[in-house]
Protein chains: 2
Amino acid sequence: MTVTLADVAARAQVSPATVSRVLNGNYPVAASTRERVLRAVDELDYVLNGPASALAAATSDLVGILVNDIADPFFGIMASAIQAEIGGPGGRAGGERLAVVCNTGGSPERELTYLTLLQRQRAAAVVLTGGAVENAPHVAAVSAKLRKLAEAGTRVVLCGRPPAPDTGAIALTFENRGGGRELTEHLIGLGHRRLGYIAGPEERTTTRHRLEGHRAALKAHDIEEDPRWTVHGRYDRRSGYEATLELLRRDPTLTAVVAANDSVALGACAALRESGLRIPEDVSVAGFDDLPFSIDAVPSLTTVRLPLSEAGARAGRIAMGREEEPPGGIATIRGELMVRGSTGAPRK
Amino acid sequence: MTVTLADVAARAQVSPATVSRVLNGNYPVAASTRERVLRAVDELDYVLNGPASALAAATSDLVGILVNDIADPFFGIMASAIQAEIGGPGGRAGGERLAVVCNTGGSPERELTYLTLLQRQRAAAVVLTGGAVENAPHVAAVSAKLRKLAEAGTRVVLCGRPPAPDTGAIALTFENRGGGRELTEHLIGLGHRRLGYIAGPEERTTTRHRLEGHRAALKAHDIEEDPRWTVHGRYDRRSGYEATLELLRRDPTLTAVVAANDSVALGACAALRESGLRIPEDVSVAGFDDLPFSIDAVPSLTTVRLPLSEAGARAGRIAMGREEEPPGGIATIRGELMVRGSTGAPRK
DNA sequence: CCTCGTATAGAAAGCGCTTGCTGTGCAGCT
DNA sequence: AGCTGCACAGCAAGCGCTTTCTATACGAGG
């Protein structure tokens with residue numbers, strides 16, 4: 001039915017071993033033989049059986065990329081960059097690897113299941129992107145899994161995610177705390193003293209770090225934070241919209257709203273506008289990430305640019321062993337404050 | 001070194017066959033035995049060897065999703081929906097399948113290579129999303145590949161992509177032509193007579209269909225199109241920005257700009273604004289797709305909503321054999337005109 | 001002329017799992 | 001009691017490939 005190595009071998013009048021060697025090209029084969037084999041491959045339209053090959057060789061060419069939400073450009077951009085480096089067809093790398101992106105939807109269970117699935121496939125490498133969930137049992141479970149993967153020879157890289165100690169995983173971490181602080185300091189510098197904060201979901205490292213940065217800035221400038229000024233939500237526009245209305249209800253005198261990320265900030269802008277407030281004259285708005293659409297907001301969004309693409313590319317190269325690991329297995333990646341039109345001095 | 005089925009069998013005091021049957025659950029096993037096996041699995045922390053299993057069973061649990069650009073929410077949203085249905089951990093489906101999304105970057109070669117890679121992995125199903133490239137040799141090559149995949153038992157579904165005759169692939173096609181026409185008719189209805197069109201890359205079916213719809217509308221209303229009114233570009237914001245400046249240069253009297261998609265439309269808005277033109281008072285702008293951010297544009301974007309999520313979900317179900325195929329293997333999915341703030345009557 | 005090293009090619013032993021077929025023991029039947 | 005049928009469990013044969021080890025051929029060196 002389907003063409004196998006043996007068929008090719010028969011047609012080329014050589015042994016299966018030779019065909020395998022021609023295909024893998026890591027053993028001397030006479031030019032004439034090679035050509036004969038390749039012709040046979042072509043004529044029979046032979047396609048290697050991946051599983052069989054992976055079984056025999058005890059390695060596969062699969063590389064997993066775990067993302068929280070594939071519909072979110074934040075992850076899409078990283079995934080795209082990682083994948084470009086991983087190889088995949090046309091990638092920079094030589095060998096053809098199947099870069100597979102797995103959508104965890106932010107769920108710890110799914111994350112774990114995907115890791116098992118990848119372990120089952122004997123993936124060559126795994127890259128986990130985005131913040132982690134800070135739930136003790138889950139963290140332990142993931143750590144254990146990562147350790148197992150590493151032991152089995154799978155290279156593990158964390159991209160935009162905090163380090164996982166003792167797992168052998170390389171971590172490229174975003175400096176969310178520092179970025180958050182810088183952003184809020186910019187606002188304080190403009191004269192703002194009453195700042196609302198729309199945080200992401202609790203229990204996520206990203207949420208916590210950004211919020212900590214924000215608070216650190218307040219503290220450094222002796223601004224006492226009102227607990228009503230913080231609202232938690234999801235990392236999407238809708239959430240930003242709703243949270244902003246809530247914030248406005250709680251304290252209509254706020255002069256600035258800092259959002260967990262750009263999507264949330266966009267939702268905040270919509271809510272403010274609908275409430276008859278002008279940006280930035282009445283209320284300043286700031287985001288985080290600097291996704292492509294942020295510059296198109298009106299006014300364009302002040303935010304912290306995260307080098308998503310560069311970080312992804314680096315993670316991909318490390319995963320492929322084409323770039324040296326950072327010292328200590330950990331690298332911190334800073335964001336850059338992008339001051340744009342959505343922030344200005346408060347009116348009075 | 002690594003734990004195998006045999007180890008589990010030994011520990012549970014049963015034969016490997018029994019362990020396999022417990023794990024696959026499609027053969028009667030006494031409850032007590034099953035439990036013993038499961039305990040052993042747990043104690044040994046056994047993880048099935050995917051390749052070995054795939055080899056022996058001649059099937060794998062991989063499902064491929066091909067997208068043009070994973071960083072583009074258009075694809076992200078579809079991929080997310082497809083994947084949710086495919087199963088993957090936590091998905092609606094029962095079995096755990098590895099939904100892998102492959103980023104072709106719009107390149108025909110990569111597309112082909114990925115298909116081969118998936119064929120090599122003996123994927124259970126493949127979903128191709130987004131428009132295709134209209135290049136005869138490539139179309140033929142893809143068709144041949146799809147036929148092969150189908151023959152090998154891989155279910156092939158096209159989502160938002162034109163049908164591929166004689167390949168056995170199921171197609172869910174977007175009615176790009178109709179949507180394009182409706183959009184332009186809306187503009188004409190508002191009184192516009194000089195409309196610029198920013199098309200996507202040539203050779204893509206999506207580009208052609210949308211453009212054809214636009215032209216059909218013009219023709220139906222006896223508007224003669226000036227060749228200067230059409231510019232081709234990429235499907236991104238940047239391209240929309242540049243194309244708009246070009247359009248303005250060619251004919252400053254245009255009263256409306258129709259963009260190939262929402263990202264392009266956003267770029268167009270930016271260019272118009274920077275040129276000192278108001279939207280929609282001076283120039284109306286329209287997009288296509290209705291991606292989430294479109295409603296946040298200021299003014300919010302008139303566009304054609306494509307039910308990306310629904311289409312993806314349906315494609316996913318069909319790929320899993322959980323939904324009946326449409327009659328003739330082809331279904332056409334209509335877009336819905338969303339009239340918003342970015343379009344209005346021309347000034348005079 | 002014979003022995004070797006070198007360059008290739010082949011034989012064969014798995015890799016870890018699935019599954020058709022073959023037992024085995026026990027309840028139910030005549 | 002003897003037999004049939006059923007519910008499980010095991011045997012063993014692969015699945016299609018990789019890779020170690022062995023065989024062959026040839027030119028070179030002694």
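What you see is a predicted model, and the numbers here were worked out from it, not measured in a lab. By convention in this document, chain letters (A, B, ...) are assigned in the order of the sequence lines, proteins followed by strands, and residues within each chain are numbered from 1. Just so you know, these numbers use all the heavy atoms, side chains as well, and skip hydrogens, waters and symmetry mates.
- Considering only the side chain of B:A30, D:dA9 comes nearest among D:dA9, D:dT18, C:dA11.
- When each of A:A52 and A:R21 is assigned the nucleotide of DNA chain C with its nearest heavy atom, A:R21 is the one assigned upstream, toward the 5' end.
- Taking only side-chain nitrogens and oxygens, A:S20 comes nearer than 4.0 Å to OP1 or OP2 of D:dT18.
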Using the side chain to side chain donor-acceptor pair (under 3.5 Å) rule, take A:T104 and A:S107 through it: C-alpha gap first, then chi angles, then the decisive distance, then the call.
CA-CA 6 Å; A:T104 67; A:S107 140; over 6 Å; no

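- B:N24 has its CG atom 5 Å from the P atom of C:dT18, to the nearest Å.
- Between B:D7 atom CG and C:dG16 atom C1' there is a gap of 10 Å when expressed in whole angstrom units.
- Here D:dC8 presents its C1' atom at 12 Å from CZ of B:R36, a figure rounded to the nearest Å.
- Of the inter-residue distances, the one linking B:I65 atom CD1 with B:T129 atom OG1 reads 8.0 Å to the nearest 0.5 angstrom.
- Listed nucleotides C:dA9, D:dG16, D:dT18 differ in distance to A:Y27; the shortest reach to its side chain belongs to C:dA9.
- Spacing between atom CZ of B:R120 and atom P of D:dC17 amounts to 11 Å, rounded to whole angstrom units.
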*List the steps and the verdict of side chain to side chain contact (heavy atoms under 4.5 Å, CB included) for A:Q83 and A:V101.*
CA-CA 9 Å; A:Q83 195 253 20; A:V101 359; 5.7 Å; no

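- Summarising the geometry, the separation between CG on A:L23 and C1' on D:dT18 is reported as 12 Å, rounded to the nearest angstrom.
- A donor atom on one side chain and an acceptor atom on the other are found under 3.5 Å apart for A:S15 and A:T18.
- Checking D:dT19, D:dG10, D:dG16 against the side-chain heavy atoms of B:A17 singles out D:dG10 as nearest.
- In this structure, B:V19 reaches neither bases nor backbone, as no heavy-atom distance under 4.0 Å exists between it and the strands shown.
- Look at A:T33 and you won't find any side-chain N or O under 4.0 angstrom from OP1 or OP2 of C:dT8.
- Distance B:Q13 CD to D:dA9 P: 13 Å, rounded to the nearest Å.
- Checking D:dC17, D:dG16, D:dG10 against every side-chain atom of B:T18, the shortest atom distance belongs to D:dG10.
- Listed candidates were D:dG16, C:dC21, C:dA11. Nearest to the side chain of A:N49 is D:dG16.
- Considering only side-chain N and O atoms, A:T4 lies nowhere under 4.0 angstrom from the phosphate OP1 or OP2 of D:dG16.
- Atom pair A:L44:CG and D:dG16:P shows a separation of 15 Å (rounding to whole Å applied).
- Whole-Å rounding puts the A:D61 CG to D:dC17 P distance at 14 Å.
- Between A:S53 and the phosphate of D:dC17, there is no side-chain N or O to OP1/OP2 separation shorter than 4.0 Å.
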Run the side chain to side chain contact (heavy atoms under 4.5 Å, CB included) test on B:T205 and B:R161 for me, step by step, so that the C-alpha distance in whole Å, both residues' side-chain angles and the decisive distance to 0.1 Å come before the verdict. CA-CA 8 Å; B:T205 53; B:R161 192 173 165 119; 5.8 Å; no

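- Residue A:A56 places its side chain closer to D:dT18 than to any other of D:dT18, C:dG10, C:dT19.
- The residue among B:L55 and B:R34 whose nearest nucleotide of DNA chain D lies closer to the 5′ end is B:R34.
- A side-chain donor-acceptor contact under 3.5 Å links B:R110 to the backbone of B:N103.
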